[in-house]
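The structure appears right after this line, and notes come after that.
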Amino acid sequence: MNLNFIKACIFDLDGVLVDTAHYHFLAWARLAAELGIEFTTHDNEALKGVSRMASLDILLDKGNMIVDEDTKIKFAERKNRWYVEYIKRMNENDLLPGVEQFLNACRERGFKLGLGSASKNAKTILTLTQLVDKLDVIVDGTCVASAKPDPEVFLLAAKQLGVEPQQCVVFEDAAAGVEAAKRAGMYCVGVGNSEILQDADLVVPSLNAMSLTLLDSLTI
Ligand code: B16
Ligand code: MG
């Protein structure tokens, strides 16, 4: 069976459409340094696609730190203030390679297009990079109760797009996101490192390597 069943593409934001993963890392590393916790780019992999509070839990665990809820909220707010400061100057030139071309090709093919992101800053980023009008629905961290790897964000995007989960392809850069897509019953293209994204149905290094011809040639 080929992938002719596809009616919609759902894109993760950080690491797939834009390189905000780097700014998340800078902000978490700054908080970690303040707290005296060692934090490397390798540690950062576990935070990708994971919600802000879950990311903080992972960081505090790494430092063997136990703090109360109020302190956690203050830490998360501090990290977010730095992150928002870093992303302020983003514009359409910050889209990752191949994004515009692939979105346009999907649109011409008649696919519905959605966002499925854990970020609560997604609308700000989409506005700065002028992507808002290119998407039919935007489902982000402000719309769901359970974060990735829970499939809620992708199932809600499919529902809002008016398609069945089995008719969707998800593009994801994080292991937690791949798990969420597979649990949603969707075809998943991993974007990035094939070792980290080994549960995806297909892995490409970036959307630059993605085309409708490639999608058409796939079989499951
Ligand atoms: P925020 P995605 C995720 O976005 C990021 O990958 C993850 O690193 C971040 O912690 C999460 O959003 C929450 O982001 O702090 O902006 O609400 O990859 O699902 O688009
Ligand atoms: Mg991501």
Side-chain angles (χ1 to χ4, degrees), residues 9-32 39 41-62 72-88 90 94-96 99 113-129 131-132 135 137-157 170-181 183-184 186 188-193 196-197 199-200 203-207:
C9 293
I10 303 175
F11 298 88
D12 172 61
L13 178 63
D14 297 328
V16 171
L17 300 180
V18 292
D19 188 17
T20 38
H22 176 62
Y23 298 118
H24 278 296
F25 170 67
L26 290 180
W28 284 124
R30 193 165 164 181
L31 182 69
F39 184 70
T41 48
H42 178 75
D43 297 324
N44 189 53
E45 281 305 317
L47 276 54
K48 285 189 182 174
V50 174
S51 75
R52 196 180 307 164
M53 293 312 282
S55 298
L56 178 63
D57 283 337
I58 295 171
L59 182 71
L60 293 175
D61 259 7
K62 171 115 211 297
K72 273 195 195 175
I73 289 167
K74 276 186 198 132
F75 286 167
E77 282 174 355
R78 198 182 308 164
K79 179 266 171 181
N80 193 53
R81 272 200 301 278
W82 290 326
Y83 175 69
V84 169
E85 198 55 44
Y86 295 149
I87 62 172
K88 245 183 197 163
M90 287 183 81
D94 288 299
L95 293 181
L96 283 166
V99 166
L113 303 180
L115 186 89
S117 167
S119 178
K120 293 186 173 165
N121 293 297
K123 289 220 174 93
T124 305
I125 295 163
L126 292 174
T127 304
L128 289 169
T129 55
L131 278 185
V132 174
L135 299 163
V137 304
I138 295 169
V139 179
D140 63 18
T142 65
C143 313
V144 293
S146 307
K148 301 170 189 175
D150 189 283
E152 185 182 1
V153 69
F154 294 134
L155 290 173
L156 184 58
V170 168
F171 295 85
E172 252 297 345
D173 75 313
V178 171
E179 186 183 333
R183 280 168 63 184
M186 299 177 178
C188 184
V189 177
V191 180
N193 183 324
I196 293 166
L197 307 172
D199 293 334
V203 179
V204 292
S206 77
L207 283 190

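Whatever order the structure lists ligands and atoms in, that order sets their numbers, starting from 1. Treat the numbers as computed from the prediction; the structure is a model and nothing was measured.
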Exam field: side chain E152 to backbone A145, donor-acceptor pair closer than 3.5 Å: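 Side chain of E152 to backbone of A145, a donor-acceptor pair under 3.5 Å: yes, one is there.
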Check: T20 side chain, Y23 main-chain N or O, donor-acceptor pair, under 3.5 Å: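 Not at all, since once roles are kept as given, no pair shorter than 3.5 Å links the two residues.
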Answer yes or no: does an N/O atom from [X] fall short of 3.5 Å to an N/O atom of ligand 1?
{"X": "A118", "answer": "yes"}
{"X": "K48", "answer": "no"}
{"X": "R52", "answer": "yes"}
{"X": "D12", "answer": "yes"}

What part of [X], side chain from CB on, backbone N/CA/C/O, both or neither, has a heavy atom under 4.0 Å from ligand 1?
{"X": "K120", "answer": "both"}
{"X": "V50", "answer": "backbone"}
{"X": "L47", "answer": "backbone"}
{"X": "S119", "answer": "both"}

Distance under 4.0 Å to a non-hydrogen atom of [X]: what atoms of ligand 1 satisfy this?
{"X": "N121", "value": "1 (P), 16 (O)"}
{"X": "S117", "value": "2 (P), 4 (O), 19 (O), 20 (O)"}
{"X": "L13", "value": "20 (O)"}
{"X": "S55", "value": "10 (O)"}

- prompt: Looking at residues at least two apart in the chain, or sitting in another chain, which of them share a side chain to side chain contact (heavy atoms under 4.5 Å, CB included) with R81?
  reply: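 Residues passing side chain to side chain contact (heavy atoms under 4.5 Å, CB included) with R81: E77, R78.
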- prompt: Who pairs with E45 by side chain to side chain contact (heavy atoms under 4.5 Å, CB included), at least two apart in sequence or on another chain?
  reply: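 Only K48, I196 meet the side chain to side chain contact (heavy atoms under 4.5 Å, CB included) criterion with E45.
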pair [X]-[Y]: side-chain heavy atoms closer than 4.5 Å:
{"X": "D43", "Y": "W28", "value": "no"}
{"X": "F11", "Y": "V99", "value": "no"}
{"X": "L207", "Y": "V16", "value": "yes"}
{"X": "I87", "Y": "I125", "value": "yes"}
{"X": "V18", "Y": "L13", "value": "yes"}
{"X": "L31", "Y": "L59", "value": "yes"}

task: Look at atom 4 (O) of ligand 1 and say which protein heavy atom is nearest, naming residue and atom and giving the distance to 0.1 Å.
output: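 Protein heavy atom at minimum distance: D14 OD2, 2.8 Å.
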message: Keeping to distances under 2.8 Å, can you name the protein N/O/S atoms close to the Mg ion (ligand 2)?
response: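 Only D12 OD2, D14 O, D173 OD1 fall inside 2.8 Å of the Mg ion (ligand 2).
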Positive for side-chain hydrogen bond (donor to acceptor under 3.5 Å, both in side chains) with Y83, one of K88, H24, R52, R30: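 Running side-chain hydrogen bond (donor to acceptor under 3.5 Å, both in side chains) over K88, H24, R52, R30 with Y83 returns exactly one hit, H24.
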Listed partners of D57 passing salt bridge (Lys or Arg N to Asp or Glu O under 4.0 Å), at least two apart: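 Salt bridge (Lys or Arg N to Asp or Glu O under 4.0 Å) check on D57 returns K72.
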query: Among the heavy atoms of E172, does any lie under 4.0 Å from an atom of ligand 1?
result: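 No, that is not the case, since the closest heavy atom of the residue is not under 4.0 Å from the ligand.
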task: Answer with yes or no whether G49 contacts ligand 1, where contact means a heavy atom under 4.0 Å from a ligand atom.
output: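 A heavy atom of G49 does come that close to ligand 1.
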message: Using the rule side chain to side chain contact (heavy atoms under 4.5 Å, CB included), only one of D140, V139, L115, V170 pairs with V153; which is it?
response: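 So the option named by the test is V139.
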